[in-house]
Number of protein chains: 2
Amino acid sequence: MAPPSYISYNGGDQNGVALAPKSSGLLLDPEQLRRQGHQVIDFIADYYGRMGDYPVHPSVSPGFLRKKLPASAPLRPEPADAFGAALRDVRDLILPGMTHWQSPRHFAHFPASSSTVGALGEALTAGINVVPFTWAASPAATELEMVAVDWLGKALHLPESLLFCGGGGGTILGTSCEAILCVLVAARDRKLADIGSGRLGDLVVYCSDQTHFAFRKAAHIAGIHRDHCRAIPTYRDTMFGLSPADLEAAVQADVDAGLVPLFLCATVGTTQTTAVDPILGLCAVAARHGMWVHVDAAYAGAALVCPEFRHAIDGAEAVDSFSMNAHKWLLTNNDCCALWVKSPPLLVAALGTEQEYILKDAAAEGHDVVDYKDWSVMLTRRFRALKLWLVLRCYGVEGLRDHVRAHVRMAELFESFVKDDARFEVTAERTFALVCFRLRAPERLGGEKAANDLNRRLLEDVNATAAGPYMSSAKVAGVYMLRCAIGSTLTEERHVREAWKVVQDRAASLLRKMEKVITCTAVA
Amino acid sequence: MAPPSYISYNGGDQNGVALAPKSSGLLLDPEQLRRQGHQVIDFIADYYGRMGDYPVHPSVSPGFLRKKLPASAPLRPEPADAFGAALRDVRDLILPGMTHWQSPRHFAHFPASSSTVGALGEALTAGINVVPFTWAASPAATELEMVAVDWLGKALHLPESLLFCGGGGGTILGTSCEAILCVLVAARDRKLADIGSGRLGDLVVYCSDQTHFAFRKAAHIAGIHRDHCRAIPTYRDTMFGLSPADLEAAVQADVDAGLVPLFLCATVGTTQTTAVDPILGLCAVAARHGMWVHVDAAYAGAALVCPEFRHAIDGAEAVDSFSMNAHKWLLTNNDCCALWVKSPPLLVAALGTEQEYILKDAAAEGHDVVDYKDWSVMLTRRFRALKLWLVLRCYGVEGLRDHVRAHVRMAELFESFVKDDARFEVTAERTFALVCFRLRAPERLGGEKAANDLNRRLLEDVNATAAGPYMSSAKVAGVYMLRCAIGSTLTEERHVREAWKVVQDRAASLLRKMEKVITCTAVA
């Protein structure tokens, strides 16, 4: 018997009492799902096929899309092929207003690297649609998460003490900010248990002036006083890494003032310049003061698949927790933030819940099962482990290394272009696949004083170039610089060469224009 | 020219220096994505086709899957069809260990209702894979989110003051706990700005003893003292709703003690029995004491699409914020928690960030654009609006009503079965599509004292029945009860009838067994 056709229902008389279907019928009919699913796959494949044709960033004004769409949802869908009509709207109205993060010319943000397996892993997860908030709520989902984080941790050369196989353990969350918040609350609760719960106002947390705002946000949410978040200055001669001596001085000053040092957030690969904080030395300071050390390797964590980058986390044996975003540069589609902790019981003590309606599985009784709801802010969770496990399984560790190394080589190439052109300079030493650079402002054009404005204009011109690259900026130690972050899965060497050519052309044109203004002014 | 074949790479000599590909080639090749994507769609469609055959909950022991999988990720994938092999593992190793939330016999938890459009919307989002953390980072994604939350808010009959079109605004987050945490921090910051930042330890928050643990978790994370979260008792004669008079008394006692009332979390549709807190009366109390009122309608919010349920939020004009999970009962696959606030600037003041590397779009300058990173814990975000918009667009408001009403009617049917069988009783009045019930314990079998144990055994027997339903339990006012939550998209009336038959059979068998024990004991 055919399922009832959805759109033929009358759906309610004037009193709002429905003539409802016996079942939801076509809402989840396997054959319809198959047919429309193939449409969606073709849509995605076509999108990637056309990716190079889209401007990376659209020329639109705020409100452009809201104006085009009705103010309310339809009471009933279009009578024929509502899904096909909606897909056409996605193609014709929505995609042209997107910033295309998968474009091979997207160099602005750290990547959100997509892959066939990552995208399809997400699709599979969406189809299966379980909520693995406890082991019993979906045993295989919880166990696959445990397997996947151990696999990933080993692939990244993390110390075993952070993995399940070494007495620690990991989980998959949405973002770094969430990961930091979770461990910060665990650290806070442990400390307050020691010194008394009334002293929340005395706790102090530490980071560098390069640390991502996510840390300050997490600290603020967790009730740390806004004035008790120390962003310690960094300097160019130490590549903007946090100095252990400076940390020691800051901590000692707080201790002397009667405050209580709680937490250090060290970064491996900062957002602005991919600076690496020296973990070994920082952990020694933290240990002397009983502080929790978290390493945020949101972007650069992916590079740790390559043994040649392992040195970036020398000393990681001493950290309490570590997080990285596999959705950034490791081919695992958004979102997938892996968090590992040395002591899972501390997380569970801070974030655990217990309620009667949560089914205890007979099989789980007496076992020390992981209920991931107690490892995060969220109770509801997605089955994110599936895509990560598929990516590791289908590309292999060497495949991930190839992927990272290809981008690092392209970044080396771009860096060499900058260095070979005397008009430009590299403004922060390259470590991974981000190149920070700027145009030097010749003395006659205003020199150092005018350099920031000049480079601001250069970025605007580069990003406004039709079929050009899309880059971003940073401002470090007062210096405004352009950021070229290579990491889109589709980026090839030719895109990097073309991007550099655009930068050179725009710079030449900009310099010419400015020379003219100066000459005219001088003549006048 | 064919892209380089992925698996043929050598991938590094002994010094770890890679012979890397020029591009990532097959990692994101449109034609491969199309081919493997069709495989995945067929996999999902087949899964739904077979859904009825799976036991809802697997018979597995902790460690069952971890034992079967290798301890580390492969260095290289299988030489031939690694993706196909991985899919076979998903089918043969992973799916048999899942709890199948989409099973038509899943009555245990509130649903995670899947639909063709919801699942494919997620797939599409995964393929497009953008990170709309600011308007500029993907203008169409931000604008579609604004449109989708206004559409949804109107469909749910929310007051306009919570919608963009009425001066408020909404966003899409992952879960209710995150939503509550965000508004709690906004409320906290506003209050501390008034009374001084040193008084965090004096703030008190309120809920009922039926409120989901998510609220206590959010309050704890936000630094509210564990002893300052008041869970006010509720009673059966008011259907476990929170009494405004009891709230007033609790608040006044705290004020008299020198504490500061901050926040009330009211629930529409509690987890244990779908109790509804009376918003109108509670808001009047909160207003007298300057408290923020949040309504958590995680589950029952979906029912508000039906005008006949609008009364459940009478008085909502006075609330400060409102959240519901479209991923629970509104056909929008996991995760999709919509949060609306009356005053977006309060959220942004608490959660906003500002950093140089964030691209300001020239088009956005001078406009009051929404940067959603400032509305949530998370900075990285997924493009969740797309699936929600597609669901609203393709099913229409009447389609959603039909869906909700079909489940409500089935719950009415199940409830009538319980009422018609004198051995059973309904333990909490049904409002939406959850029926709470229990077996009465006859006096000769121990009466009220033995009732909880009897029903615990009944639930175990029901859930252990081959091809049977999967239910859960609640314990309210000392009474242990079974929960039959109807909401799976695939559930039809026959599944409800079959489920009741299993309950009756298991109950009869259990009662017989106990009679025997008593008779034997008496004879002996």
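Not measured: the values here are computed from a predicted model. Every chain is numbered from 1 and lettered A, B, ... according to where its sequence line falls, protein lines coming before strand lines.
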Heavy-atom pairs under 4.5 Å with chain A - which of [options] has more of them than the others?
options                               : result
B:Pro74, B:Ser59, B:Cys177            : B:Pro74
B:Asp150, B:Leu386, B:Leu87, B:Leu351 : B:Leu351
B:Thr175, B:Val131, B:Leu95           : B:Val131

Less than 4.5 Å to any heavy atom of chain B: does that hold for the side chain of [X], its backbone, both, or neither?
X        : value
A:Arg226 : side chain
A:Leu144 : both
A:Phe83  : both
A:Ile128 : both
A:Ala71  : both
A:Leu120 : both
A:Ala155 : neither
A:Val185 : side chain
A:Leu124 : both
A:Val147 : side chain

Below 4.5 Å, heavy-atom pairs only: which of [options] has the largest tally toward chain B?
options                                : answer
A:Ala123, A:Ser138, A:Ala119           : A:Ser138
A:Gly223, A:Cys337, A:Gly127, A:Ala350 : A:Gly127
A:Arg381, A:Gln32, A:Met146            : A:Met146

Hey, are the side chains of B:His38 and A:Asp42 touching, using non-hydrogen atoms and a 4.5 Å cut-off? yes

Can you tell which part of B:Asp89 gets under 4.5 Å to a heavy atom of chain A, answering side chain, backbone, both or neither? side chain

Measuring from atom [atom1] of [X] to atom [atom2] of [Y], what distance do you get when rounded to the nearest 0.5 angstrom?
X        : Y        : atom1 : atom2 : value
B:Asp29  : A:Thr489 : CG    : OG1   : 12.5 Å
A:Glu398 : B:Leu75  : CD    : CG    : 4.5 Å
B:Arg76  : A:Cys394 : CZ    : SG    : 14.5 Å
A:Leu27  : B:Leu490 : CG    : CG    : 9.5 Å
B:Thr353 : A:Lys217 : OG1   : NZ    : 5.5 Å
B:Glu122 : A:Glu122 : CD    : CD    : 6.0 Å

Minimal non-hydrogen separation, [X] against [Y], with atom names:
X        : Y        : value
B:Leu28  : A:Ser114 : CD2-O, 3.6 Å
A:Ala86  : B:Leu390 : CB-CD2, 3.6 Å
A:Asn129 : B:Ala112 : ND2-O, 3.0 Å

For the side chain of B:Thr99 and the backbone of A:Ala136, is there at least one donor-acceptor N/O pair under 3.5 Å apart? yes

Would you check if the side chain of B:Arg393 reaches a backbone N or O of A:Ala82 as a donor-acceptor pair within less than 3.5 Å? no

